[in-house]
Engineer: 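Below is one structure. I have some questions about it.
Note that the structure is predicted; figures quoted are calculated from it, not measured.
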Amino acid sequence: MDFSTVRWEEVGKASIETLQILGASGLFTVIFGLPLGVLLFMTARSASTKSRVVYIILSLIVNILRSIPFIILIVAIIPFTRSLVGTATGVLGVIPPLVISAAPYFARLVETTMREVDRGVIEAAQAMGASTGQIVRRVLLPEALPGLLAGITITIVTLVSYTAMAGMVGGGGLGTLAINYGYFRYQNEIMIISVVSMIILVQILQMAGDRLVTFFTRK
């Protein structure tokens, strides 16, 4: 293999695009997935018939979205993506399907994490007259923070593999680079560099997430 022929500017550009995709999709995944997960948790534990109906509907939607393979989802919602961001390719074009796919996944992680919060703490806050909003902000989120950080780490690491799949439809980043040059043009050097770059990125993200979880667990 001859790595001297590698166009490193293309590798650098693809790496930056991957980071941009991860940053934007990760941010919006948390913005949409966190309140959805909290709502799932709150409606699931409520004795109200109305809340139970809301939970069943939300749970069904989440399960449906989680069941659709990402490579199918990204193609199926191309018209929606184009109407939303003006394109279905490149960095912008891959963010909506990534968020739609990852937000329900993260919401389930949030719901599961909040189920592990000591019920005694929640009941004590209720006994002191705390409102639902106060319980969420001052009890649930602080108590569940280490688990939420672990969930964010898992979700973002999962998004790395999704960005690679998005390369099949011109999603940009290292996935597109690997497919366009490494696969279609038989440039094995590009394929190896892309794979190694994604492995390093996943390791860095996982280590950073683990450190944050450990730090806030000790606190």
Engineer: Are Leu159 and Ile31 in one and the same hydrophobic cluster, where Ile, Leu, Val, Met, Phe, Trp and Tyr link if side-chain heavy atoms are under 4.5 Å apart?
Structural biologist: yes
Engineer: Distance from Leu19 atom CG to Leu174 atom CG, nearest 0.5 Å?
Structural biologist: 8.0 Å
Engineer: List the atom of Met198, the atom of Gly175, and the distance in Å for their closest heavy-atom pair.
Structural biologist: CE-N, 4.3 Å
Engineer: Calculate, to the nearest 0.5 Å, the distance between atoms CD1 and CD belonging to Ile193 and Glu10 respectively.
Structural biologist: 12.0 Å
Engineer: Any non-hydrogen side-chain atom of Thr153 less than 4.5 Å from a side-chain atom of Leu205?
Structural biologist: no
Engineer: Side chains of Gln206 and Val157, heavy atoms from C-beta outward: is any pair under 4.5 Å?
Structural biologist: yes
Engineer: Work out which heavy atom in Thr18 is nearest to a heavy atom in Gly173; give both atom names and the distance.
Structural biologist: OG1-CA, 3.3 Å
Engineer: Which atom names give the shortest non-hydrogen contact between Val85 and Pro96, and what distance separates them?
Structural biologist: CG1-CG, 4.0 Å
Engineer: Spell out, yes or no, whether Ile95 and Leu84 are grouped together once hydrophobic residues are joined by side-chain heavy atoms under 4.5 Å, including indirect joins.
Structural biologist: yes
Engineer: Before giving the answer on side chain to side chain contact (heavy atoms under 4.5 Å, CB included), spell out for Val110 and Leu36 the whole-Å C-alpha distance, their side-chain angles and the decisive distance to 0.1 Å.
Structural biologist: CA-CA 8 Å; Val110 172; Leu36 178 58; over 6 Å; no
Engineer: Supply the atom-to-atom distance Glu189 CD to Ser194 OG, rounded to the nearest 0.5 angstrom.
Structural biologist: 11.0 Å
Engineer: What's the separation between atom CD1 in Ile61 and atom CZ in Arg66, rounded to the nearest 0.5 Å?
Structural biologist: 14.0 Å
Engineer: Look at the side-chain heavy atoms of Ile, Leu, Val, Met, Phe, Trp and Tyr, link any pair under 4.5 Å apart, and say whether Ile74 and Phe28 land in one connected group.
Structural biologist: yes
Engineer: Evaluate the side-chain proximity of Tyr162 to Val94: yes if any heavy-atom separation is below 4.5 Å, no if none is.
Structural biologist: no
Engineer: State the CG-CG distance between Leu65 and Leu60, to the nearest 0.5 angstrom.
Structural biologist: 9.5 Å
Engineer: Of all the heavy-atom pairs spanning Val30 and Phe106, show the shortest one and how long it is.
Structural biologist: CA-CE2, 3.9 Å
Engineer: Shortest non-hydrogen contact from Thr155 to Leu109?
Structural biologist: OG1-CD1, 3.6 Å
Engineer: Quick one, Phe41 and Leu140 - any side-chain contact, counting heavy atoms below 4.5 Å?
Structural biologist: yes
Engineer: Evaluate the side-chain proximity of Thr29 to Leu98: yes if any heavy-atom separation is below 4.5 Å, no if none is.
Structural biologist: no
Engineer: Honestly curious: do Ile56 and Leu58 fall in one hydrophobic cluster under the side-chain, below-4.5 Å linking rule?
Structural biologist: no
Engineer: Taking the basic N atoms (NZ, or NE/NH1/NH2) and the acidic carboxylate oxygens, is any pair closer than 4.0 Å for Glu111 and Arg108?
Structural biologist: yes
Engineer: Measure the CE-CD1 distance between Met128 and Ile135 for me, rounded to the nearest 0.5 Å.
Structural biologist: 9.0 Å
Engineer: Other residues, nucleotides and ligands only: do more than 12 of their heavy atoms fall within 6.0 Å of OH on Tyr105?
Structural biologist: yes
Engineer: Whether the side chain of Thr81 engages the backbone of Ile77 through a donor-acceptor N/O pair (distance < 3.5 Å, no angle test) should be reported.
Structural biologist: yes
Engineer: Closer than 3.5 angstrom, by distance alone: can the side chain of Thr43 be matched with the main-chain N or O of Leu40 as a donor-acceptor pair?
Structural biologist: yes
Engineer: Is the shortest side-chain heavy-atom distance between Leu212 and Ile152 below 4.5 Å?
Structural biologist: no
Engineer: Is there a chain of hydrophobic side chains (I, L, V, M, F, W, Y, each step under 4.5 Å between heavy atoms) that links Val196 to Met207?
Structural biologist: no
Engineer: Can you confirm whether Val139 sits close enough to Gln134 that some side-chain heavy atom of one is under 4.5 Å from a side-chain heavy atom of the other?
Structural biologist: no
Engineer: Looking only at non-hydrogen atoms, find the nearest pair between Ala144 and Met114 and report the distance.
Structural biologist: CB-CG, 4.4 Å
